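Here's the structure, in C-alpha cells; my notes come after.
Remember, it's a predicted structure, so these values are computed and weren't measured experimentally.
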Amino acid sequence: MKEILEFVKENDVKFIRLNFCDIFGFQKNISIMADELKSAFENGVSFDAHIIRGFRDITQSDLFLFPDPSALAILPWRPGPGRVLRFFCDIKTPDGAAFEHDTRLILKKVTERAKNMGYTCKIGAECEFYLFKTDENGDPSNITLDKGSYMDISPIDKGEDIRREICLTLEEMGIKPECSHHVQGPGQNKIEFKFGDAISSADNLQSFKTVVKAIASRNGLFASFMPKPLLDAPGNGMHINLSLYQDDKNIFTHVNAGHSKIAESFIAGILDKTPEITLFLNQLSNSYERLGKFEAPKFVSWSHQNRSQLVRIPASSGDKVRMELRSPDPSLNPYLAYSLILSAGLDGIEKKLDLPPAVDEDLFTADIKSTKVLDQLPDTFEKAIFLAENSKFIKNVIGEILLLKYIEIKKTEAKEFTSAKDKVQFYKEKFFNIF
C-alpha cells in the first residue's frame, strides 16, 4: 500500500476508479479522489449492492470495495494533469467477510483448488468485435466501418489505425498484444493478447473491452461485442485457450510427442461439461444465432487444427501448445466462465476421464451419419437455461443461491425474447447499445 500511495503522488494521479462487475460481467466502478485511497485500502468504499443485479436485496444493501494492489493500471486515455488510476477490487460484507457472489472471488477459489492439485492454468482470450459508425447524435448506427474480410489490408480494412491505437494503449497498461487483424465480417476485428494466469486473464479481458470501447468512441465509432450484431454475417467469438502447468512445465505437448494422460483427461472433462455450462459461455438469446455457423461449433467434439470442432489443438510448440475452446462469445462474465471451464477440466483429471476419439471431418459439411453419434451444444437459449438450471456441477462451483439468481434473470429474458414480435428489433433494443 505504501508503494502505491507513493506512486500516486509521484505520477500526478488525482482520481482512482474502483472496478468490479455484476454476476453477468457488466463492469461497474466508483471514482474516488486520490487522497481517499489509503482509507479505501484500510476500510473499503461502500456502495448500494441491491441495485447491482444478482447481489443483495434492499434489507442488506451495504457492501464494500477493497482495491486489489496487484490489479492496478493507469488509464492512458485519461492523461494528466489529474491522471486516473484503476483497480479491480475485492468485495466484502460489513463484517469484513468476503462477499460470496463476487465472481472474481469464485475464480480465486477455483485457482486455489488447481494449485492444491499441483496445477496452474494459463488462459488466453481471442476476442472479436465489430466497429460501427455513429450518427449525428453520437449513437451507434448499423453501418459498419468498412466492407473488409479476413486479414484484408488498407484501404479495404479501415480499422488498422484503431487497432494500432488499441494495441499501444493496452501495452501502456501492461497488457501485451500479440497480434491483430481484420476478421471475416464487415468492420469486424480481432486482437489477441498474451496469456496469463486465470485471474489476470479475466481482469485483462475486462480491461480490453474498456479500452476498445474508449478508443472507438474517441474516434467517433462504436465497438460492439454483441455475439451476433449482424444476423447475415459472422458472429463475434471469444475463443478461450487453455494450457496446464505442473512444476512450471506445460503438460500440453506437441502432437508429435503424444498427449499426456492428464492433458487428455483435462480436455475430456471440459468436453463433458460444456453443454450444461453453455449458458455461462453464451449468456444471451442472441448468442444462439451464432452457434453452428461461420466456424462457430455445434457439436461436442475435438480434433487437431480443425476449426469446425468445439475443442481444437492448434499446431503450436513450447509454451503455446494448448487447447482452444471455440464456443464462447464476448458476452460472458470471464470470472464465472473461467471458473466453470477450469473446474470441469480439474474434475476430468480427478475422475481420470478418457478423451473420446478425435473427429477429423469438417462438421459443417459432414453428413448425418457422421454427426448423429455426437452430442450437440444447446441450440436455443431455453435449452441452455434448462441444462444449467439442472446442473449439480454448476451448483457445486458457484453455489446454489447464485445459480438460482442467474437462472431467474435469464428466464425473464427468455420470456421477453419469446414474446417479441421482431427478434432483430429485440436484439437491437436489448443488447446492441450495451455490449
* Asked: Does the side chain of Arg163 come within less than 4.5 Å of Asp157's, by heavy atoms?
  -> yes

* Asked: So how far is it from Phe87 CZ to Ile30 CD1, rounded to the nearest 0.5 Å?
  -> 14.5 Å

* Using the salt bridge (Lys or Arg N to Asp or Glu O under 4.0 Å) rule, take Glu413 and Arg53 through it: C-alpha gap first, then chi angles, then the decisive distance, then the call. => CA-CA 13 Å; Glu413 289 181 12; Arg53 289 194 305 168; 3.7 Å; yes

* Asked: Are any of the side-chain heavy atoms of Leu332 and Phe280 separated by less than 4.5 Å?
  -> no

* To do: Classify the angle between the aromatic ring planes of Phe20 and Phe55 as parallel (below 30°), tilted (30 to 60°) or perpendicular (above 60°).
  => tilted

* Between NZ on residue Lys133 and NZ on residue Lys158, distance to nearest 0.5 Å -> 7.0 Å

* To do: Take Asn286 and Phe432 through the test side chain to side chain contact (heavy atoms under 4.5 Å, CB included) and record every step on the way to the result.
  => CA-CA 10 Å; Asn286 178 257; Phe432 185 61; over 6 Å; no

* Asked: Within a reach of under 6.0 Å around CZ of Phe15, are more than 12 heavy atoms found that belong to other residues, nucleotides or ligands?
  -> no

* Listed partners of Leu5 passing side-chain contact (heavy atoms from CB on, under 4.5 Å), at least two apart -> Met1, Leu37, Lys38

* To the nearest 0.5 Å, how far apart are NE2 in His101 and CD1 in Ile106? -> 7.0 Å

* To do: Tell me, with the steps shown, if Arg113 and Ser343 meet side chain to side chain contact (heavy atoms under 4.5 Å, CB included).
  => CA-CA 9 Å; Arg113 176 193 173 194; Ser343 294; 4.0 Å; yes

* To do: With rounding to the nearest 0.5 Å, note down the distance linking CD in Glu160 to CD1 in Ile162.
  => 10.5 Å

* State whether the number of non-hydrogen atoms from other residues, nucleotides or ligands found under 6.0 Å of Lys108 atom NZ is greater than 12. => yes

* Kindly indicate, with the supporting measurements, whether the criterion ring-ring contact (aromatic ring centres under 6.0 Å, His included) is fulfilled by Phe129 and Phe225. => CA-CA 5 Å; Phe129 58 94; Phe225 291 99; 5.7 Å; yes

* **Heavy atoms from other residues, nucleotides or ligands near NZ of Lys14 exceed 12 (cutoff 6.0 Å)** => no

* Asked: Does Glu178 CD have over 12 foreign heavy atoms under 6.0 Å away?
  -> yes

* Structure fact -> Output for pair (Phe7 CZ, Ile74 CD1), nearest 0.5 Å, gives 4.5 Å

* Check the side chains of Asn282 and Asp329 for a donor-acceptor pair under 3.5 angstrom, ignoring hydrogens and angles. => yes

* Intermediate values then yes/no, ring-ring contact (aromatic ring centres under 6.0 Å, His included), Tyr130 and Phe222 -> CA-CA 8 Å; Tyr130 274 84; Phe222 175 75; over 10 Å; no

* Using a cut-off of 6.0 Å, state whether more than 12 heavy atoms not belonging to Glu6 lie near its atom CD. => yes

* Between Glu429 and Gln425: side-chain donor-acceptor atoms closer than 3.5 Å -> yes

* Are the side chains of Glu400 and Leu403 in touch, meaning some heavy atoms are under 4.5 Å apart? -> no

* Asked: Does atom NZ of Lys213 have more than 12 heavy-atom neighbours, drawn from other residues, nucleotides or ligands, at distances under 6.0 Å?
  -> yes

* **Asn241 side chain to His239 side chain, donor-acceptor N/O pair below 3.5 angstrom** => no

* For Arg164, does the CZ atom have more than 12 heavy-atom neighbours from other residues, nucleotides or ligands under 6.0 Å away? -> no

* To do: Might you confirm whether atom CZ of Phe386 has over 12 heavy atoms from other residues, nucleotides or ligands at distances under 6.0 Å?
  => no

* Asn219 side chain to Glu165 side chain, donor-acceptor N/O pair below 3.5 angstrom -> yes

* Test: Lys410 cationic atom under 6.0 Å from Phe381 six-membered ring centre, within 45° of axis -> no

* To do: Report yes or no: do Arg86 and Ser207 form a side-chain donor-acceptor pair below 3.5 Å?
  => yes

* To do: May I ask you to test the Cys121-Leu242 pair for a side-chain heavy-atom distance under 4.5 Å?
  => yes

* Asked: Can you check whether Leu65 reaches Phe47 side chain to side chain, under 4.5 Å on heavy atoms?
  -> yes

* Using 30° and 60° as the class limits, which term best fits the ring planes of Phe266 and Phe252: parallel, tilted or perpendicular? -> perpendicular

* Asked: Would you say the side chains of Asp197 and Ser200 form a donor-acceptor pair under 3.5 Å?
  -> yes

* Asked: Given Gln283 and Asn333, is the side-chain hydrogen bond (donor to acceptor under 3.5 Å, both in side chains) satisfied, shown in steps?
  -> CA-CA 9 Å; Gln283 71 158 325; Asn333 176 336; over 6 Å; no

* Asked: For the ring pair Phe417 and Tyr427, is the centre-to-centre distance below 6.0 Å?
  -> yes

* Do you know which two heavy atoms are closest between Thr144 and Pro186, and how far apart they sit? -> CG2-O, 3.3 Å

* To the nearest 0.5 Å, how far apart are OG1 in Thr134 and CG in Asp139? -> 8.0 Å

* Is any side-chain heavy atom of Phe393 less than 4.5 Å from a side-chain heavy atom of Leu340? -> yes

* Asked: Any donor-acceptor pair under 3.5 Å linking the side chain of Arg290 with the backbone of Ser327?
  -> yes

* Asked: Are Ile277 and Ser391 side-chain neighbours, meaning at least one heavy-atom pair lies under 4.5 Å?
  -> no

* How about Asp146 and His182: do any of their side-chain heavy atoms sit closer than 4.5 Å? -> yes

* What's the verdict on salt bridge (Lys or Arg N to Asp or Glu O under 4.0 Å) for Arg104 and Asp68, showing C-alpha distance, side-chain angles and the deciding distance? -> CA-CA 11 Å; Arg104 196 168 182 264; Asp68 180 346; 3.1 Å; yes

* To do: Using side-chain contact (heavy atoms from CB on, under 4.5 Å) as the criterion, list what pairs up with Pro94, not counting sequence neighbours.
  => Arg56, Asp62, Phe64

